[in-house]
Amino acid sequence: MINKTLFLTYFYLFIYILLSSGVILYNKWVLSPKYFNFPLPITLTMIHMGFSGAVAFLLIRVFKVVSPVKMTFEIYATSVVPISAFFASSLWFGNTAYLHISVAFIQMLKALMPVATFIMAVMCGTDKGRCDVFLNMLLVSVGVVISSYGEIHFNIVGTLYQVTGIFAEALRLVLTQVLLQKKGLTLNPITSLYYIAPCSFVFLFVPWYLLEKPAMEVSQIQFNFWIFFSNAICALALNFSIFLVIGRTGAVTIRVAGVLKDWILIALSTVIFPESTITGLNIIGYAIALCGVVMYNYIKVKDVRASQSSAESLPDRITKDWKFEKSSDIFVPDNTSDNEESVGVSGSASDINIDEEAPLIPSSRLLSHIGRTQLTGK
């Protein structure tokens, strides 16, 4: 007989992988001139932000599913606003990249996310340069360069958009740690949308008005309500699936699921979008980059375990392990959460692997280990 808890854990992971892959393929299909032909990435992102903000408002203020945090005007103006600006930028640049390069190549470029986050964290003083981490970052970078060299339909504009979006997201993660965590404010995925989505919508309005509004007036742009509604629903469902996954798994499982999802997405994209040709050099380069990412994740998990061992007394560790630890996954205590996504992350920003495939989640490798504290109330 299959253990019910284990079954639910893998079921939630399956739903996460399915939705995460589905959302990015759906976005590509909507934006691509060869398919639905809605080449307005800022407009699509604003639809996501407006929809997610409205749903978050209903969940918090009307149905009271989640309680709002104590947010002062000072914190909002000095923390949420700059974070929202970089969040909006990362979504804008990331979605624009779909117009120029393939989904498979975008996934390969996203292997640079740990590199970008580590660089930003070191520059902002939230992390220290380490030789072992630097070597991993170098390996990832070399792999991405090889993969880019092997790209048949290499497009410098699309590549620059994607890399810029990655660094904007990395800076957002670091700012989250510097501006929010230092003030003791932690946001879960729903409260993140509640505070950040409306502000991001406002930031996106300016480039939309300058760049896309004139194009919408002179060209025949088709607008299908059900297409955009279902697209926003899928992205929101991904957000909720992450909320379920982070409560049932640990950092190791989440990272493995992320790697598996990337390979599945690359394979699916070549089937759904035949123009997305993958070369042997693409695969070799991505495999090299992935080795660096896996080694980096191993170092970070080992660091977290070491910090747990030194920070907690033996009785406390036994109690927490008895309550929370699952197989090889790790329990992350309140003050050392190993988060991989979300505005409400804790811990070092360079520890974060985000899932930037999810446009509604403030963080795009958008899967965070916000910690069982969000779900247990402890």
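Side chains are part of it too, since the values below use all heavy atoms of this structure and drop only hydrogens, waters and symmetry mates. Nothing fancy with the numbering, it's 1 onward along the sequence.
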When rounded to the nearest 0.5 Å, the distance separating CZ of Phe203 from CD1 of Ile42 is 14.5 Å
Value for CG (Leu175) from OG (Ser79), rounded to nearest 0.5 Å, stands at 9.0 Å
Do the ring centers of Phe38 and Phe228 come within less than 6.0 Å of each other? yes
In Å and rounded to the nearest 0.5 Å, what is the CG to OG distance from Leu109 to Ser148? 5.0 Å
Just to verify, what does Phe273 make a ring-ring contact (aromatic ring centres under 6.0 Å, His included) with, not counting sequence neighbours? Tyr35
Residues, nucleotides or ligands: over 12 heavy atoms within 6.0 Å of Tyr76 OH: yes
Indicate, with yes or no, if the rings of Trp92 and Tyr161 have centres closer together than 6.0 Å. no
Go through the structure and list residues passing side-chain contact (heavy atoms from CB on, under 4.5 Å) with Ile146, not counting sequence neighbours. Val142, Leu281, Ile288
Counting only heavy atoms from other residues, nucleotides and ligands, does the tally under 6.0 Å from OH of Tyr10 exceed 12? no
Distance check, rounded to the nearest 0.5 Å: Ile272 atom CD1 versus Tyr26 atom OH? 12.5 Å
Parallel, tilted or perpendicular: ring planes of Phe11 versus Phe7, cut at 30 and 60 degrees: parallel
Between Arg130 and Asp303, does any NZ, NE, NH1 or NH2 come within less than 4.0 Å of an OD or OE carboxylate oxygen? yes
When rounded to the nearest 0.5 Å, the distance separating OG of Ser276 from CD of Gln107 is 11.0 Å
Establish whether Val133 and Tyr298 are linked, either directly or via other cluster members, by ILVMFWY side-chain heavy-atom contacts under 4.5 Å. no
Do Phe229 and Phe51 have ring centres separated by under 6.0 Å? yes
Verify same cluster id: Val163, Phe154 (apolar side-chain graph, 4.5 Å): yes
